[in-house]
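A short write-up of the structure that comes next.
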Amino acid sequence: MRKPTPPDIRAPQDTASATVELEDVPFGRFHLHVAVAGSGGQFSDGYILGIIGIALTSATDDLALNAVWLGLLGAASLAGLFFGSLFSGALIDRIGRHPIFAFDMPLLAALSLAQFWTAAAWQLLLLRLLLGLVLGADYAASKTLVSELAPRKSRGRMMSVLAIAWAAGYTIAYLVGYLIAQTASGDRPWTWMLASSAVPALLVAAARLGVPESPRWLIAKGRAQEAAAMIAAKIGPHVTLPTAPAPATSSGAPAESGSLRALFAPALRSRTVIACVFYLCHIMPYFALSTFSPRILASLGVHNAYFGGAVYNLLLLVGAVVGMSVIDRLTRRRFLVGSFAVAAVLLLPLGILHDLPITLVIVLFAALAFALSAADTLAFVYPQELFPTRMRATGVGAAVAASRIGASISTFLLPVVVESFGIRTAMTGLVLVLAAGALACYRYAPETSGLKLGSQ
């Protein structure tokens, strides 16, 4: 029997009369709600991670921070993200995406507010580690849930909204911190900067009310009737259930969902490795340069480093918007390899050339922010497309964990390397990381453009 033709993607969702598969449903109000709820979490994540860079600049004297403490505090949330994303991914594949997605934001708000009363560096370190743990869980839950509820034809753009929201949170955090630094009276303005991250977390918690569990996860757990009822209520009775065959192990038996060991079985090993390598090589320069942009620009001779840092962060947001506009126009592989190559070329002059004009330094640094942020949209799409439903959150969690290992290392080492060997040595090291990412993706990254989730 011939399959019904999916309705035109531009048609209103509630007028469809023929049955249509879940992934071919036109983008509608339900998807908009999911996108806002998921991207709100990424905004909050970006804000919490972004505010620490400018807050540390203000807190250095109050907390008597040396280069080692600056590195530790800059990397603390990233280290927490490693453990949170690695272990929560397996949990999310076992218990569902919704429980963590719905309840992690209030906890983030409480931890953010607690930073206001920080009296010592070790206290701030502990809070930043805890924030990272919760952020890691949200990364795995929100990316997985939104990708599984997104229509196939608009998945790239819908997931890119999360990248834009993250960049917006990161950029706005810098601007808010800069405003507080310029206008706050009295001591310890950095405590207000850090505590301000409680506001977006609370707003996001409210926005997530009403977002359901992933129907793909429900079907994978044998709860097809519950999935059908949810789809009928949220999207419409004309939508058919997705099929999600269980992945097989090397012995032919179904793989256990939520098993970290299963990620390295023959069927998934190469995809797990490339997901981790891509994310790690991308995020190492992204976080190291973003966290310490004012200090880096000052080391490169820019006198108004805060202004240069603001330009850098604004270009992060612009790059994310452009990344969303091209992600479904380019193949995934072309975007992956090209973005690494462009970023490496832009960063190379800052590593090997001396006495560059200040204007050129700012232009190169801003263009680098643009390129890195445009490529960051891939981090919100590509890992999800590499793994089957039963292992998606586990795989995404492992990729995020790998990236946070790299981000923690680069964020910790950057101020130490700059102090010991100079800024150009640090920049050259990041160029090598970008070049390694380009080579790995060119050689091993599979193409996933237009892929149906579950057909991996």
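Nearest heavy atom pair, residue Leu108 against residue Ala201, reads CB-CB, 4.2 Å. Considering every non-hydrogen atom in both Ser44 and Val204, the closest pair reads CB-CG2, 4.5 Å. Looking at every heavy atom in both residues, Arg128 comes nearest to Ser77 through O-OG, 2.9 Å. Nearest heavy atom pair, residue Ser214 against residue Glu148, reads OG-OE1, 2.5 Å. The minimum heavy-atom distance linking Lys234 with Gly210 is given by the pair NZ-O, 3.0 Å. In plain terms, the two heavy atoms of Val396 and Ala140 that are nearest each other are CG1-CA, 4.4 Å.
The structure places CG of Asp104 at 8.0 Å from CG of Asp45, a figure rounded to the nearest 0.5 Å. Of the inter-residue distances, the one linking Phe30 atom CZ with Leu149 atom CG reads 4.5 Å to the nearest 0.5 angstrom. To the nearest 0.5 angstrom, Leu70 atom CG is 6.0 Å from Leu56 atom CG. To the nearest 0.5 Å, atom CD1 of residue Ile409 and atom CZ of residue Phe82 are 10.0 Å apart. Rounding to the nearest 0.5 Å places OG1 of Thr389 at 12.0 Å from CH2 of Trp217. Interatomic distance, OG of Ser449 versus CZ of Phe335, reported as 11.0 Å (0.5 Å rounding).
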Residue pair Val416, Ser420: steps toward the side-chain contact (heavy atoms from CB on, under 4.5 Å) verdict: CA-CA 6 Å; Val416 177; Ser420 302; 4.3 Å; yes
Pair Phe43-Ile172, side-chain contact (heavy atoms from CB on, under 4.5 Å): steps then yes or no: CA-CA 9 Å; Phe43 180 93; Ile172 290 174; 3.7 Å; yes
From CA spacing to verdict: side-chain contact (heavy atoms from CB on, under 4.5 Å), Phe365, Leu350: CA-CA 8 Å; Phe365 213 59; Leu350 299 177; 3.8 Å; yes
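Contact check for Leu81 versus Leu49: side-chain heavy atoms found under the 4.5 Å cut-off. Counting only heavy atoms from C-beta outward, the side chains of Ile327 and Met159 never approach each other to under 4.5 Å. A 4.5 Å side-chain heavy-atom check between Phe101 and Ile92 finds every atom pair outside the cut-off. A 4.5 Å side-chain heavy-atom check between Ile283 and Asp376 finds at least one atom pair inside the cut-off. Put simply, the side chain of Ile164 reaches to within 4.5 Å of the side chain of Leu317, judged on heavy atoms. Arg271 has its side chain out of reach of Pro383: every pair of non-hydrogen atoms, C-beta onward, lies at least 4.5 Å apart. Within the 4.5 Å cutoff, the side chain of Glu23 has heavy atoms near those of the Arg216 side chain. The shortest distance between side-chain heavy atoms of Val36 and Leu32 falls below 4.5 Å.
Counting only distance, with no hydrogens or angles, the side chain of His98 and the backbone of Val211 share a donor-acceptor pair below 3.5 Å. In this structure a side-chain-to-backbone donor-acceptor pair under 3.5 Å is present from Ser85 to Ala401. At distances below 3.5 Å, not a single donor-acceptor pair connects side-chain atoms of Ser373 with backbone N or O atoms of Ala369. No donor-acceptor pair closer than 3.5 Å links the side chain of Thr377 to the backbone N or O of Ala320.
Each side chain to side chain donor-acceptor pair (under 3.5 Å) pair with one or both residues in residues 131-145, not counting sequence neighbours, appears once here: Gln42-Ser142, Asp138-Arg208, Tyr139-Trp166, Tyr139-Arg404, Lys143-Tyr279. A salt bridge (Lys or Arg N to Asp or Glu O under 4.0 Å) check over residues 318-344, counting only residues at least two apart or in different chains, returns the pairs Arg157-Asp328, Asp328-Arg332, Arg332-Glu385.
In this pair, Tyr286 and His282 present their aromatic rings tilted. The plane angle is within the 30 to 60° band.
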Sequence neighbours left out, cut at 3.5 Å: what donor-acceptor pairs do the side chains of residues 425-446 make with other protein atoms?
{"unit_1": "Thr425", "atom_1": "OG1", "unit_2": "Phe421", "atom_2": "O", "d": "3.3"}
{"unit_1": "Thr428", "atom_1": "OG1", "unit_2": "Gly351", "atom_2": "O", "d": "3.3"}
{"unit_1": "Thr428", "atom_1": "OG1", "unit_2": "Arg424", "atom_2": "O", "d": "2.8"}

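Salt bridge present: Asp24 and Arg152 bring a charged side-chain N and a carboxylate O closer than 4.0 Å.
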